[in-house]
Amino acid sequence: MEQSNLQSLIYETDQAIQAGQAAHAQAQQALSTLRSAKGWGVYDLLGGGLFSGVMKQRRMAQANEELANARYALQEFARELRDVRGLSIPEVQLKDFLSFADLFLDGAIADWFMQSRIAAARRQVDSAIEQVERIRRALN
């Protein structure tokens, strides 16, 4: 391999590693906030009152922002991986989970539904973290 091609490959690999680290950190942050939202959601479901409902809503809004940041970081990671000899990651779906029903209907059914949405989002983020970790290990 030519020296310039080798240097280019090393540079692109380093860029991909850095993007993978950023994606991993963003996904971990989203997971942490989803855990907090789940906790507040359980408390709200058990009759926690106005304060627990407000805290749950704050955590859910924060988690939505962090899911958006994680999606962006994963897209950047995928872009950098394509520069490294065409590597890629499967598209990871991280969906927003804030729902109209939970914002405007405060009842057991809406709360239970939101808990299932939080659990689904956590599974998606866990899967993304596993994929990023596997690829990062391969890059190193």
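Taking CD of Q15 as the start and CZ of R79 as the end, the distance is 8.5 Å to the nearest 0.5 Å. With values rounded to the nearest 0.5 angstrom, N69 atom CG is found 4.5 Å from Q26 atom CD. Rounded to the nearest 0.5 angstrom, Q124 CD and L67 CG are separated by 8.0 Å. Atom CD of Q29 is separated from atom CD of E66 by 4.5 Å, given to the nearest 0.5 angstrom. One distance of note links CD of Q62 with CG of L34; it measures 10.0 Å at 0.5 Å rounding. We find the CZ-CD distance between F77 and Q18 to be 11.5 Å, quoted to the nearest 0.5 Å.
The shortest distance between side-chain heavy atoms of R58 and M55 falls below 4.5 Å. Annotation: side chain of R136 is not in contact with side chain of I17 (no heavy-atom distance under 4.5 Å). D83 places none of its side-chain heavy atoms less than 4.5 Å from the side chain of Y11. Put simply, the side chain of I118 reaches to within 4.5 Å of the side chain of R122, judged on heavy atoms.
Contact record, A73 with A23: CB-CA, 3.6 Å, taken as the closest heavy-atom pair. When all heavy atoms are compared, the tightest approach of A16 to L81 is CB-CD2, 4.0 Å.
Using modelled atom types and a 3.5 Å distance limit, the side chains of R59 and S36 yield a donor-acceptor pair.
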Could you walk me through whether R134 and Q131 pass the side-chain contact (heavy atoms from CB on, under 4.5 Å) check? CA-CA 5 Å; R134 181 177 41 80; Q131 289 180 41; 3.9 Å; yes
